[in-house]
2 protein chains.
Amino acid sequence: MRIGELADRLGITTGAIRFYERRGLLVSPARSGNGYRDYGEDCVERLRLLVGLRHLDLPLGQAAQLSSLCAEGRCDEVSAELRAAIANKRRELARRMDELRYLDRRLAHLGGQLETGEAPRTLITTGKEEHG
Amino acid sequence: MRIGELADRLGITTGAIRFYERRGLLVSPARSGNGYRDYGEDCVERLRLLVGLRHLDLPLGQAAQLSSLCAEGRCDEVSAELRAAIANKRRELARRMDELRYLDRRLAHLGGQLETGEAPRTLITTGKEEHG
DNA sequence: CTTGACATTGGAGCCACTACAGGGTTTAGG
DNA sequence: CCTAAACCCTGTAGTGGCTCCAATGTCAAG
């Protein structure tokens, strides 16, 4: 498949894919006669892992290393540093859930109206502070 | 309180706070005689909302607008655009949960080692893929 | 009166893209 | 065959949101 299709299937841009490649994080794909990049099905799964790790905000380099090793079934070679990073990200995500609950309370009426698309009416009376 | 304490209580850096201020997203705080920024208790809650919205990856400008309006109890003035943005972010977060479950499967055995903090066996190769 | 932790400013640097310029290729329709 | 749109290529510049740094000031403790 060509780069556009790959990008679509992953929900990222062609620019991002080329950027990863320039950085040497992706194996350069074959080129068809016209010079277009030509990807196989396996690239989808491999990149999906990378994309997922990036959504956890793992730094690009680490995400790429990890997804590359995993794609080759060589997870035993993943460094302690990398494994620690993941463990951290998982805890961070848990913390974010809590934070989201806090936001839920503060944005409760906004949120409700968001679902229905109605105009807001209620006032919040917390932390009233006038500037000046 | 001074900027360092405020930053600590929010889990962000003093640099971030000054950056927000330079951008005009925060009301400039009073200064004590020595020129140090001097914040009141109310700033903590107000900024906590901003920080939370940023963790949802709401663009800084929107996060600031929203938290500022909410802090003043003027949620009725929140624009439709902004409300749509939040609704989107909430859905996005739900999608990320799904993605996390996918990652869970792919990283399952890594996860096991993460808990125990076991040592890796080999060095990582430079990501060159080879099937042979 | 020095040491160290904190504060100030302005500016440079960084990460991960994103947008754009200036081109080439493919494909659908006329 | 011609054209237009939709795709692709390379390279470079720009962006958002900080982060780090230098040079300097302030203040409490020893």
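Given the structure is predicted, the values throughout are model-derived calculations rather than measurements. Below, read A as the first sequence line, B as the second, and so on, with proteins coming before strands; counting in each chain starts at 1.
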Under 3.5 Å, is there a donor-acceptor pair between the side chain of Arg54(A) and the main chain of Leu58(A)?
yes
In whole Å, what is the span from the CZ atom of Arg54(B) to the P atom of dT19(D)?
10 Å
How would you list, by chain and number, every residue that makes a salt bridge (charged side-chain N to carboxylate O under 4.0 Å, His left out) with Glu21(B), sequence neighbours excluded?
Arg31(B), Arg37(B)
Need to verify one output field. Residue with the more 5' nearest nucleotide on DNA chain C, Thr13(A) or Gly33(A)?
Thr13(A)
Can you tell me the distance, in whole Å, between the OH atom of Tyr20(B) and the C1' atom of dG16(D)?
11 Å
Can you tell me the distance, in whole Å, between the CG atom of Leu50(B) and the P atom of dG17(D)?
11 Å
Non-hydrogen side-chain atoms of Glu41(A) and Arg9(A) separated by less than 4.5 Å
yes
Short side-chain to backbone donor-acceptor contact, Arg46(B) and Ser67(B), under 3.5 Å:
no
Calculate the interatomic distance between Ile17(B) atom CD1 and dG17(D) atom P; express it in whole Å.
17 Å
Sorted by chain and residue number, the side-chain contact (heavy atoms from CB on, under 4.5 Å) partners of Gln65(B) (sequence neighbours excluded) come out as Leu82(B)
Got a sec, which residues hit salt bridge (charged side-chain N to carboxylate O under 4.0 Å, His left out) with Arg18(B), two or more places apart in sequence or on another chain?
none
Summarise protein proximity over nucleotides 4-14 of chain D in one line of letters, 5' to 3': B for base, S for sugar-phosphate only, - for none, counting protein heavy atoms closer than 4.0 Å.
---BSSB----
Other residues, nucleotides, ligands: >12 heavy atoms within 6.0 Å of Glu81(A) CD
no
Hydrophobic side-chain clustering at under 4.5 Å (ILVMFWY, transitive links): who's grouped with Leu47(B)? Put none if nobody.
Met1(B), Ile3(B), Leu6(B), Leu10(B), Ile12(B), Ile17(B), Phe19(B), Tyr20(B), Leu25(B), Leu26(B), Tyr39(B), Val44(B), Leu50(B), Val51(B), Leu60(B)
5' to 3' contact window, DNA chain C with chain A (heavy-atom distance under 4.0 Å)
dA16(C) to dT26(C)
